Amino acid sequence: MNTTEKPQNAANGAGDTLVRDYLAAVGRETSALPAERRQELLADLAEHIETALAEGAGSSKDVLSRLGDPRAIAATALQESGLAPGAVTGDGSGSGAGTGKAPGTGKAPGRRSPAWLVALLLVLALGVGYLWVPLGFALKVTGSIVLFRSRHWTAGQKWTGFGLAVLAPSAMNVAWFLFSYPHDPSQSAYVTAIAATVVVTVGGAVWLWWARGGTDTAAG
């Protein structure tokens, strides 16, 4: 009897190790989940594995193989909890659109629009604005919205970039049309004013590009 029990105990021990390693892997992959949700997931998995083994559904390796890769289970759990890109929450909406909040922060999650898009929109807004003011204004507004919804800058960096690339050139244009344009300025003065506006706008866009990062701390 002892000779038959030893191999069986060894097999059980190996199976227990596989199960522990499997659950530990799921735990690591779901570290972004709230602790309570992660513990609930692990408990459900452990119960399922125990039940399958008790019903003779195969060895531990077979049961774990049918469950699938821990990363796949974690990805599904994160998606269902609204913590993965494009995740679907319980109300059927995306993770960003469903709650409008970043997990655990109470802040709107920023979008991963490329940093160059912000710089391009703000520079284009200036050039197009001299050809057609409404379109230039629309591009400027769009660029500002993308800027403030981006994760590439902190809140302070966003306001600094907005001030340099949007507010400052806009103020220069308003000052020109209020104080210089009515007095019929010379062509050289007009060119100088445009050049100054271009320098300020491009400088602000370049600063934003230089200061870009991957921060998630800024709202939006």
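Keep in mind the model is a prediction, meaning the values are calculated, not measured.
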Do you know the tightest heavy-atom contact between [X] and [Y]?
{"X": "G68", "Y": "I73", "value": "O-CD1, 4.2 Å"}
{"X": "G161", "Y": "L208", "value": "CA-CD2, 3.6 Å"}
{"X": "A125", "Y": "G136", "value": "CB-O, 3.4 Å"}
{"X": "A165", "Y": "L122", "value": "CB-CD1, 3.7 Å"}
{"X": "Q157", "Y": "W207", "value": "O-CZ3, 3.3 Å"}
{"X": "R71", "Y": "D69", "value": "N-OD1, 2.7 Å"}

Could you pull out all residues at least two apart from A193 that satisfy side-chain contact (heavy atoms from CB on, under 4.5 Å)?
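Applying side-chain contact (heavy atoms from CB on, under 4.5 Å) to A193 gives W176.
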Reported [atom1]-to-[atom2] distance for the pair [X] and [Y], which is rounded to 0.5 angstrom:
{"X": "R149", "Y": "L147", "atom1": "CZ", "atom2": "CG", "value": "12.0 Å"}
{"X": "K158", "Y": "F148", "atom1": "NZ", "atom2": "CZ", "value": "7.5 Å"}
{"X": "S144", "Y": "L167", "atom1": "OG", "atom2": "CG", "value": "8.0 Å"}
{"X": "I194", "Y": "L126", "atom1": "CD1", "atom2": "CG", "value": "9.0 Å"}
{"X": "W116", "Y": "H152", "atom1": "CH2", "atom2": "NE2", "value": "10.5 Å"}

Side-chain donor-acceptor contact under 3.5 Å, S170 with K140:
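Per modelled atom types, S170 and K140 side chains form a pair under 3.5 Å.
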Does one side chain, of S65 or D62, offer a donor that lies under 3.5 Å from an acceptor on the other?
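S65 vs D62: no donor-acceptor pair found between side chains.
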Specify whether F162 and W159 have parallel, tilted or perpendicular ring planes, treating 30° as the upper limit for parallel and 60° as the lower limit for perpendicular.
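Perpendicular.
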Each residue besides [X] in its hydrophobic cluster should be listed here, by chain and number; the cluster joins Ile, Leu, Val, Met, Phe, Trp and Tyr at side-chain heavy-atom distances under 4.5 Å.
{"X": "F137", "value": "V141, I145"}
{"X": "V191", "value": "none"}
{"X": "V200", "value": "M172"}
{"X": "V133", "value": "none"}

Backbone of V146 reached by a side-chain donor or acceptor of S150 within 3.5 Å:
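No, the answer is negative, given that no donor and acceptor are paired below the 3.5 Å cut-off.
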Has the side chain of T76 got a donor or acceptor atom that lies under 3.5 Å from a matching backbone atom of A72?
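Confirmed, T76 side chain pairs with A72 backbone.
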Quick check: do L67 and Y22 have side-chain heavy atoms less than 4.5 Å from each other?
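They are in side-chain contact.
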Cut-off 3.5 Å, no hydrogens considered: what does the side-chain donor-acceptor table look like for residues 36-54, sequence neighbours left out?
unit_1 : atom_1 : unit_2 : atom_2 : d
R38    : NH1    : L33    : O      : 3.0
T51    : OG1    : E47    : O      : 2.8

Between W210 and L164, is there shared hydrophobic-cluster membership here, with clusters defined by ILVMFWY side-chain heavy atoms closer than 4.5 Å?
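Hydrophobic grouping puts W210 with L164.
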Taking atom CZ of R66 as the centre, does the number of heavy atoms from other residues, nucleotides or ligands within less than 6.0 Å exceed 12?
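More than 12 within 6.0 Å, yes.
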